Every structure is written in C-alpha cells, then in structure tokens.
Number of protein chains: 2
Amino acid sequence: MRILYIEDEKLLADAVKHLLEKSDIAVDWTDDGEEGLRLAKKPLYDAIVLDIMLPKMSGLEILEILRKSGNKTPIIMLSALSEIEDKVKGLELGADDYLAKPFKTSELVARLNALNRRPPLREEKLLKFADLRYNPENRTLNGEPLTEKEGEIIKMLLESKDKTVQKDYILGRVWGGDMVSEDNYVEVYVSYLRKKLKKINSRVIIKTVRGLGYKLIDPEAE
Amino acid sequence: MRILYIEDEKLLADAVKHLLEKSDIAVDWTDDGEEGLRLAKKPLYDAIVLDIMLPKMSGLEILEILRKSGNKTPIIMLSALSEIEDKVKGLELGADDYLAKPFKTSELVARLNALNRRPPLREEKLLKFADLRYNPENRTLNGEPLTEKEGEIIKMLLESKDKTVQKDYILGRVWGGDMVSEDNYVEVYVSYLRKKLKKINSRVIIKTVRGLGYKLIDPEAE
DNA sequence: GGTTATTTTAAGCTAATTTTAAGGTTTTGT
DNA sequence: ACAAAACCTTAAAATTAGCTTAAAATAACC
C-alpha cells in the first residue's frame, strides 16, 4: 500500500513515516499544502493522510478541491482534539475517516487497512432519461457500447434533458473549437445514435429542431 | 481436534495442555520457535496457538513465514496485555485471533472451537470473480504464478469487479506517477494476462473499452 | 559471475473509429 | 409548386487505438 502524508510537523511526520513503513506501507511525505495537492491528484495513492492545519493551504481546502474534481482516493483527516468543528466539516466534504492528535500509529495503520480492505466506494453516476441509462464509466447506453463521439453527444443530450442542444455547441464541445465547421459531423453521429436507440429498443427519439439542434423526446410523457 | 502449541513457559504450557486435553483437544507442544515452524508446516493441525515472545524466533516471524508460504492453518496469537502493537501486527500478518495473557483456558477452548467452526478467515483475502481466485499473498491466479506487474493489474481489475478500470489509472498505479506515458506497457501486460487466463481455462475475459480501459466479463453471468 | 525471469522497447498487424463525400429526403420561404 | 437550405444516410477511405510478438535491457537469483 502506498499513501500520501501531508503534515507540517516534521518530527511527527518522520516518526509516523518510519512506523508506517515498518507496517509495509510506503509513505510519500510533504509539508506543503500546494505540493500535497499536486501529488494528491496523481492516481498513485491508496490513501491520503491529511493534517488540517497546514501552511499556505489548509487540509480542508485540499480535501474540498480533490472531491470537487471527482477524486475519490480515501482520505483520513488529522487534527487536534479541540477542533471538533473541523471533524464535522471534513466528513461533510467527503473525508473517509478522522483521527484526533495525538494518535497511536497502530491506530492509523488499522484504519488505513480498514479503508483499503473495502473497495473504494465511488457512486454510480448514471445519466437517465425515460428508459435510457448511460454509463460514462464504460460508455454504455443500456448496455450497448458507444464510441467516444457517440458517448459525448448522448451525454450532452441527456444532461440537457428535454431542452434543445444546439448543433454548433455540440460541434464545439466534441470536435475542438477551431473546426472547419462541419455540421455534417454532428449529423453523421446523430444518425449513428438513432440507429443504436433502435437497436436497444428505446422509446426515446432524438428530435431535430431545424436550424437549432437536437433534443430528446419521450413519447410516453406528455 | 489437534493443535500445535508453541510456548516457552513450561509451567503454563503443561497446565494448558492438560486442560485442553480434558476438552478433547490433542496438543503437540514445543518451546522452540524453529522447531515450532518446522512442525507448523505439516498439514497436521486444526489450529496453532502461538506465543509472541519466544527464544530464537518470534511468534510474529513464524506467523509471517507461514502466511507468506500460503499456509492457512488458523492461528491464535498469545501475548502479554501490554503489547498492543503486536496485536495489530499479528492480525495484519494474518493471525485469526488474539488472546492476551493471562487467559482462562476455557476462553482458549472456546476460541479454538469457534475457529474450527467457521471457515478460515484467510479466505477473505482472496480476490474472487466468477471462476477466478487471485491470491495476492503469493501472487497466484488459480494456482498459476503471475509476475509482479501482472499481479498488480489483475488485482485492480478484480477489485473493480465488472467496472471499467481506466488505462491511465493502471499506468499510474503500476508504473510510477511521472511515466513517459507508455500505454503500450499496459497493453503488453493485458496481453500476457489474457494468455494466462486461457492457460488456466478460465471463462473470464478481459474486455477492452476502447479509449477508456479494461473490464472483466463473466460470459456466464447476465 | 553467470543464469533465469521479468520488464521495456519496438515494430508489424488488425480492428475500430472517425472523416470525407456524395446522393437522397424533408422543410421552408416565396 | 419550386428552389434553396437544412438535414439524413451510407459507404469508402483515412486515421488511430489496441494487439501480439520477439528481441534487448534490466533485475533477481543462485
């Protein structure tokens, strides 16, 4: 197991690092919040141990930024016993566990192991509309695999529910900005998507809004 | 039931042996760590009761050697109440239970019986999916030995069950963070893994999700 | 220090996806 | 109704991602 340890008390950090390494846990340590955040973004760690009081950038800030960017690495917060408020805040922001200082290293080891025994609990973020379920994780629409462009487009349509998505907007988002504006790209892929909707027997149709773009329609609604 | 009891306090050992035998538990006793290890390797015992403080070789060492060699005999650790660190370490190394000295023999009897009623806790460390069993302890997939990288990758796939694991994520975790991004590493090893899946006649296939990563599929599910 | 196992590098190959292009259909304005 | 514009569909060509192998480099082992 490899963890990132962000802590500004060097003496404590050294001791903890040493003890964790005896328990076969590799530790990368930094005393700097910004540096910590940079490292934390790499998909390298099984867990992050995060002190709340840090120079430059507080542990809570780091936690918040990571979670908002979709990072789901298990995080254990550390802080002085008094800072109860922080505990609540931390767990709210998506920390996985909390340990008050001073703590026994064995306790930390036990919690790290506990965290990593259970699989990382990332929630399913399925996009839904009528009888459609799009899973961006593996790019499947009701089980049917989509290509990258197909996926991008259906995602935009699903995110807008039954609002119209402009063709130019799709073009810009899916094919970089400086396209030699080829509306036909979008048309080709909408055509492919319609074929796949038929294939999976969905009742949803992609309606063309002439001059504007496309929108999803559920004929059974209304 | 027959157990191996490794304990250097002869007086205590005699008493415990006597009492256990009255509860219909056969006891082989040794006061020597090395001798104990030799005996423990025989597939002869339903359980091993292991004192931590031993001459020549500590109980934790014995435990570690046994578990690393794949031995799954249930083990109960004994130690003085104070040695809390040892408790954590012991359970981590794969001990099945822990008893602080001094203890009541009836308590030991109860725990031995409990251990032999439930299947060895060890099982849970195996990663399973369909007909696959991966043992990270000795890095074998249904008995077939894997290399380190192969093991890391199959572990990640197994931990994610049938979710897609991104190629970049694998790259980051298996080959350090700042790689000269070589997707081909992952491709080569996935290829090796597929060869091994065929070799062990598993029905599981590693499906490619183009542009994203890989996931395990059990064709017999669905 | 030599042998074996593992990892990295590289290259040719295959298959999937994307782009291009052309001909057909529908809609809209006059 | 007719022409023009917008859109649809399809298939082929082009491109890209991924697969597989084998050889070279490195690490592990005795």
Side-chain angles (χ1 to χ4, degrees), chain A residues 136 138-141 144-157 164-199 204-217, chain B residues 68-69 136 138-141 144-157 164-199 204-217:
Chain A
N138 54 9
R139 261 191 347 232
T140 52
L141 184 63
E144 176 73 15
L146 303 185
T147 74
E148 187 187 333
K149 310 273 169 173
E150 289 168 350
E152 292 294 312
I153 293 175
I154 198 70
K155 198 167 75 181
M156 294 173 71
L157 292 171
T164 300
V165 181
Q166 299 208 3
K167 194 191 267 189
D168 283 353
Y169 182 72
I170 296 176
L171 194 62
R173 292 274 298 237
V174 180
W175 289 267
D178 39 287
M179 253 293 93
V180 218
S181 77
E182 272 291 8
D183 281 4
N184 188 232
Y185 288 173
V186 182
E187 289 158 14
V188 168
Y189 274 91
V190 167
S191 166
Y192 289 164
L193 275 174
R194 284 174 172 149
K195 208 180 279 180
K196 292 213 167 158
L197 286 180
K198 195 173 293 172
K199 187 171 176 190
V204 175
I205 57 178
I206 302 177
K207 183 173 185 329
T208 302
V209 184
R210 187 166 249 258
L212 278 178
Y214 302 90
K215 66 185 222 177
L216 298 180
I217 300 275
Chain B
K68 286 214 169 138
S69 71
N138 56 6
R139 256 187 1 228
T140 53
L141 185 63
E144 177 73 16
L146 302 184
T147 74
E148 186 188 329
K149 311 271 170 178
E150 289 168 348
E152 292 294 312
I153 292 174
I154 199 70
K155 196 167 78 180
M156 294 173 70
L157 291 171
T164 300
V165 181
Q166 300 209 1
K167 194 191 266 190
D168 283 354
Y169 183 72
I170 296 176
L171 194 64
R173 293 277 298 233
V174 180
W175 290 266
D178 32 284
M179 251 295 93
V180 219
S181 74
E182 271 292 8
D183 281 2
N184 190 232
Y185 289 173
V186 181
E187 289 158 15
V188 168
Y189 274 91
V190 166
S191 168
Y192 290 164
L193 276 174
R194 283 175 173 149
K195 211 180 277 180
K196 292 212 167 160
L197 286 180
K198 196 174 292 173
K199 188 170 176 189
V204 174
I205 57 178
I206 302 177
K207 184 176 185 327
T208 302
V209 184
R210 184 169 246 255
L212 284 177
Y214 302 89
K215 66 185 225 178
L216 297 181
I217 300 273

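The figures that follow rest on heavy atoms only: side chains count, while hydrogens, waters and symmetry mates do not. Residue numbering restarts at 1 for every chain, and letters A, B, ... go by the order of the sequence lines. What you are looking at is a predicted structure, and each value in this text was computed from that prediction instead of being measured.
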What is the distance, rounded to the nearest whole Å, between atom NZ of Lys196(B) and atom P of dT21(D)?
14 Å
Between C1' on dT19(C) and CD on Glu152(A), what's the gap in Å once rounded to a whole number?
17 Å
Separation of Glu148(B) atom CD from dA27(D) atom P, in whole Å?
13 Å
Ranking dC7(D), dT19(C), dT18(C) by distance to the side chain of Thr147(A), first place goes to dT18(C)
Measure CG/Asn184(A) against C1'/dT25(C) and give the value in whole Å, please.
14 Å
Side chain of Ser191(B) only, please: which of dT26(C), dT18(C), dT21(D) is the nearest?
dT21(D)
Whether Thr208(A) contacts dA6(D) is assessed here as follows: a side-chain N or O lying under 4.0 Å from the phosphate OP1 or OP2. Is that the case?
no
From dT6(C), dT27(C), dC8(D), nucleotide with atom closest to Tyr189(B) side chain:
dT6(C)
Return whichever of Glu150(A) or Arg139(B) has its heavy-atom-nearest nucleotide of DNA chain C closer to the 5' end.
Arg139(B)
Tyr214(B) vs dC19(D): side-chain N/O to OP1/OP2 distance below 4.0 Å
yes
What integer distance in Å separates Lys207(B):NZ from dC19(D):C1'?
15 Å
Evaluate the salt bridge (Lys or Arg N to Asp or Glu O under 4.0 Å) criterion for residues Glu148(A) and Arg210(B): first the C-alpha distance (whole Å), next the side-chain angles of each, then the deciding distance (0.1 Å), finally the verdict.
CA-CA 8 Å; Glu148(A) 187 187 333; Arg210(B) 184 169 246 255; over 6 Å; no
To check you understand the geometry: which heavy-atom pair defines the closest contact between Leu197(A) and Val204(A), and what is its length?
CD1-O, 3.7 Å
So, OP1 or OP2 of dT18(C): does either fall under 4.0 Å of a side-chain N or O from Trp175(A)?
no
Any donor-acceptor pair, under 3.5 Å, between the side chain of Asp183(B) and the base of dA17(D), if you only look at N and O atoms?
no
Rounding to a whole Å, what distance do you find between Leu193(A):CG and dC7(D):P?
17 Å
Leu171(B) has an atom CG; how far is it from atom P of dT7(C), in whole Å?
14 Å
Of the options dG18(D), dC8(D), dC7(D), whose atoms approach the side-chain atoms of Lys167(B) most closely?
dG18(D)
Name the nucleic acid region contacted by Tyr192(B), choosing base, sugar-phosphate or nothing; use a 4.0 angstrom heavy-atom cut-off, strictly under.
base
Closest non-hydrogen atoms of Ile153(B) and Trp175(B), given as atom of the first, atom of the second and distance, are CD1-CH2, 4.1 Å
For Tyr189(B), run the side chain to side chain contact (heavy atoms under 4.5 Å, CB included) check against Lys149(B), Glu152(B), Arg194(B) and tell me which one passes.
Lys149(B)
Measure from OH on Tyr185(B) to C1' on dA10(C) and round the result to the nearest Å.
11 Å
On a heavy-atom basis, the closest approach of Ile154(A) and Leu193(A) is N-CD1, 4.1 Å
Using a distance-only criterion (donor-acceptor N/O pair, under 3.5 Å, no hydrogens), is the base of dT17(C) paired with the side chain of Arg210(B)?
no
Taking the side chain of Glu187(B) as its heavy atoms from C-beta onward, which of dT19(C), dC19(D), dT8(C) lies nearest to it?
dC19(D)
Work out which heavy atom in Ile170(B) is nearest to a heavy atom in Met156(B); give both atom names and the distance.
CA-CE, 3.8 Å
With heavy atoms under 4.0 Å as the rule, sort Val188(A) into base, sugar-phosphate or nothing.
base
